[in-house]
Amino acid sequence: MTELRLYNTMTQQKEPFRPRTAGKADIYVCGPTPYAPSHIGHARCYVIYDTLVRYLRHRGLTVSYVRNVTDVDDKIIKRANEGEEKATDVAERYFASFLADMDALGCLRPDVQPKVSDHIPEIVALIESLIAKGAAYELDGDVYFAVKAFPGYGKLSGRKIEDLRAGARVERDERKRDPVDFALWKAAKPGEPQWSSPWGPGRPGWHIECSAMALKYLGNGFDLHGGGLDLVFPHHENEIAQSEAASGVPFCATWMHNGFIETNKAKMSKSTGDFFTISAALKHVEPEALRFFFHTVHYRSPLNFEWTTDDDGKTTGFPSIEDAERRLEYLYATKQRLADIEDTRLVDGPGSADIEALRKRVEEAMADDLNTAEVLAALADLGKLANDLADRAERKKGGVPKASVIAARRLFETIGQLLGVLGDSPAAMLGRIQARRLARSGVDRAWIESKIEARKTARSEKRFADADAIRDELLARDVELKDSPQGTTWRLR
RNA sequence: GGCGCCGUAGCCAAGUGGUAAGGCAGAGGUCUGCAAAACCUUUAUUCACCGGUUCGAAUCCGGUCGGCGCCUCCA
């Protein structure tokens with residue numbers, strides 16, 4: 001098997017991925033802070049890590065996939081206070097919608113989804129050990145991490161403490177020993193969730209929860225930690241500082257970060273409102289189309305996502321994922337044709353060496369830092385080979401190599417499992433796409449069918465001009481006809 | 001100000017030292033009453049620009065221009 005190489009943010013290069021325990025992979029991914037509907041940036045992120053997990057399992061590894069839920073957080077509290085709601089209710093509501101989105105996108109559930117609110121004792125214990133080691137200090141019920149106490153600070157993000165101190169954007173708090181020190185524990189304020197602690201009532205700071213939960217479920221030196229590129233600093237840098245200051249040993253071996261979704265060449269940002277929710281996008285296209293679209297670009301690259309609006313600012317479409325959905329139609333139709341090849345058309349003998357070459361190409365592409373764009377290139381070639389086999393089977397002349405048909409079906413299956421697409425039945429998928437387009441265009445199904453019937457009559461009477469006029473009439477409403485020996489079918493463009 | 005990424009055809013996008021994958025769009029063809037679908041052929045002497053290293057550079061080095069990210073909540 002080709003050795004898997006992953007880009008490690010820590011070393012800034014691709015490295016062989018060698019888990020600490022052979023045959024296992026222990027992974028922690030920073031999960032959502034549920035305070036608003038999830039957007040397509042979340043979708044991309046978690047589809048990427050889902051693809052990683054699927055691929056590792058494909059390689060035969062036993063994966064422990066931990067993805068936390070940060071259900072104690074400033075933004076949740078703010079949201080709760082705005083709506084006069086309990087913070088826990090806000091977190092629970094948005095976490096449920098997050099899970100629904102992830103399920104729709106075909107993301108496998110993580111093995112563990114720990115919540116911050118369930119791990120306060122672990123967090124408190126970790127903070128206590130940091131204080132005991134002189135790496136943290138208390139101030140009026142707050143506890144801060146002493147960055148100076150951890151010599152490796154900045155090793156992940158390539159930052160120097162002096163540069164951070166000089167940065168104009170570091171929050172100044174005169175009580176802190178050093179402006180770069182960050183909060184591990186925040187003293188309770190009125191109207192906030194709080195837990196008792198050795199430093200009085202309060203709640204965890206932002207970064208400590210991931211250290212505590214990753215260490216609890218995976219232990220020191222686990223294999224891979226993932227998240228969005230923006231988490232490199234300060235979040236992951238601080239996780240390393242907290243964890244390693246406490247343990248004295250490396251926290252995690254490989255750091256993986258995904259690139260951002262951009263709109264109009266600029267990062268999507270919740271603060272500017274310039275983002276789109278997963279559920280809104282899924283009203284326009286199949287979830288698999290979104291997945292397919294993500295796979296067209298390498299996971300570390302930025303991905304531009306556009307949508308069109310009418311004069312009222314109402315969203316009218318998502319050109320790029322609509323293109324992806326059309327591509328999916330082709331692939332599902334191909335899958336169907338491959339399945340429809342009758343056994344009587346198959347002959348023994350050597351299959352095409354091309355298909356085995358494609359399988360190798362797919363394996364090597366995935367092993368090379370999850371190069372899904374290359375996998376899609378191989379899939380395109382497989383589609384052509386498969387359609388060619390189907391064409392030959394339909395021509396009723398000469399045999400079709402059984403070995404090739406079987407190999408093509410299997411490779412379709414493998415690629416589909418790796419990328420999390422093409423797993424549905426073609427009839428179901430194509431039917432849903434058609435129903436959605438029908439609803440959107442307002443064209444009546446019965447009208448289409450009556451027109452087809454009229455055309456059939458015209459054709460049988462050789463009135464081809466009339467038949468063509470009907471087809472043009474349908475085409476004007478984006479209804480495409482396809483004649484075959486089994487009759488006429490239609491498709492909405 | 002500090003750190004980092006990117007610039008490949010009309011559009012999207014792989015490729016990080018050995019002579020430019022793939023998709024969309026375009027052109028021609030096979031098939032078809034005509035179409036559609038499918039398949040075949042075709043579309044970058046060239047990888048922002050200028051120098052350098054090398055037998056050889058889209059790939060390495062230096063510089064210029066352009067775009068973007070992080071340093072503040074963020075996936």
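Each chain gets a letter, A, B and so on, in the order the sequences are listed, and its residues count up from 1.
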Grab the [atom1]-[atom2] distance between [X] and [N] for me, whole Å please.
X        : N     : atom1 : atom2 : result
A:Arg361 : B:A14 : CZ    : P     : 14 Å
A:Glu394 : B:C39 : CD    : C1'   : 12 Å
A:Glu364 : B:U16 : CD    : P     : 13 Å
A:Leu105 : B:A75 : CG    : C1'   : 14 Å
A:Asp472 : B:A36 : CG    : C1'   : 12 Å
A:Leu385 : B:C39 : CG    : C1'   : 11 Å
A:Asp230 : B:C68 : CG    : P     : 18 Å
A:Lys482 : B:A36 : NZ    : C1'   : 8 Å

Choosing from [options], which nucleotide comes nearest the side chain of [X]?
X        : options             : value
A:His39  : B:A75, B:A38, B:G22 : B:A75
A:His42  : B:G23, B:A38, B:A75 : B:A75
A:Asp391 : B:C39, B:A75, B:C70 : B:C39
A:Asp483 : B:G33, B:A13, B:C68 : B:G33
A:Arg327 : B:G23, B:A14, B:C73 : B:G23
A:Phe233 : B:C34, B:C71, B:A38 : B:C71

Is it the case that [N] (base atoms only) and [X] (side chain only) share a donor and an acceptor within less than 3.5 Å, ignoring hydrogens and angles?
X        : N     : value
A:Asp323 : B:C12 : no
A:Asp468 : B:G33 : yes
A:Arg471 : B:C34 : yes
A:Arg159 : B:C70 : yes

Answer yes or no: does a side-chain N or O of [X] lie under 4.0 Å from OP1 or OP2 of [N]?
X        : N     : value
A:Arg300 : B:C5  : no
A:Asn304 : B:C12 : no
A:Tyr332 : B:A37 : no
A:Lys384 : B:G23 : yes

So, does [X] use its side chain to make a donor-acceptor pair with the main chain of [Y] at under 3.5 Å?
X        : Y        : result
A:Glu237 : A:Ser157 : yes
A:His42  : A:His39  : yes
A:Tyr7   : A:Glu15  : no
A:Tyr332 : A:Leu422 : yes

I want to confirm an ordering. Mapping A:Lys160 and A:Ser484 to their closest nucleotides on RNA chain B, which one lands closer to the 5' end?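 It is A:Lys160 whose nearest nucleotide is closer to the 5' end.
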With nearest nucleotides of RNA chain B determined for A:Arg44 and A:Gln12 from heavy-atom distances, which residue corresponds to the more 5′ nucleotide? A:Gln12
[N] and [M]: how far apart are their [atom1] atoms, nearest whole angstrom?
N     : M     : atom1 : value
B:U43 : B:G28 : P     : 15 Å
B:C40 : B:A25 : P     : 16 Å
B:A36 : B:G26 : P     : 11 Å
B:G23 : B:U64 : C1'   : 34 Å
B:C50 : B:A14 : C1'   : 27 Å
B:G2  : B:U16 : P     : 31 Å
B:G69 : B:C60 : C1'   : 25 Å
B:C12 : B:A38 : P     : 24 Å

What's [X] touching, base or sugar-phosphate or nothing? Going by heavy atoms closer than 4.0 Å.
X        : answer
A:Glu480 : sugar-phosphate
A:Arg395 : nothing
A:Leu481 : base
A:Ala380 : sugar-phosphate
A:His235 : nothing
A:Ser157 : sugar-phosphate
A:Asn387 : sugar-phosphate

Using heavy atoms and a sub-4.0 Å distance, could you list which residues of residues 454-467 of chain A are near RNA chain B? By number, please. A:Arg455, A:Arg459, A:Phe464
Heavy atoms, side chains only, cut-off 4.5 Å: are [X] and [Y] in contact?
X        : Y        : answer
A:Thr88  : A:Asp71  : no
A:Arg291 : A:Thr51  : yes
A:Glu394 : A:Asp340 : no

Both distances below 3.5 Å, Watson-Crick or wobble geometry, any strand: find the nucleotide opposite [N].
N     : result
B:U42 : B:G26
B:G66 : B:C6
B:G1  : B:C71
B:C31 : none
B:C55 : B:G18
B:C47 : none

Note: [X]-[Y] ion pair, threshold 4.0 Å (strictly below):
X        : Y        : result
A:Lys14  : A:Asp368 : yes
A:Asp73  : A:Arg203 : no
A:Arg471 : A:Asp466 : no

Step through the shown structure and confirm whether more than 12 heavy atoms of other residues, nucleotides or ligands are within 6.0 Å of CD on A:Glu461. yes
Take a 6.0 Å sphere around NZ of A:Lys456 and say whether it holds more than 12 heavy atoms from other residues, nucleotides or ligands.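 12 or below, so no.
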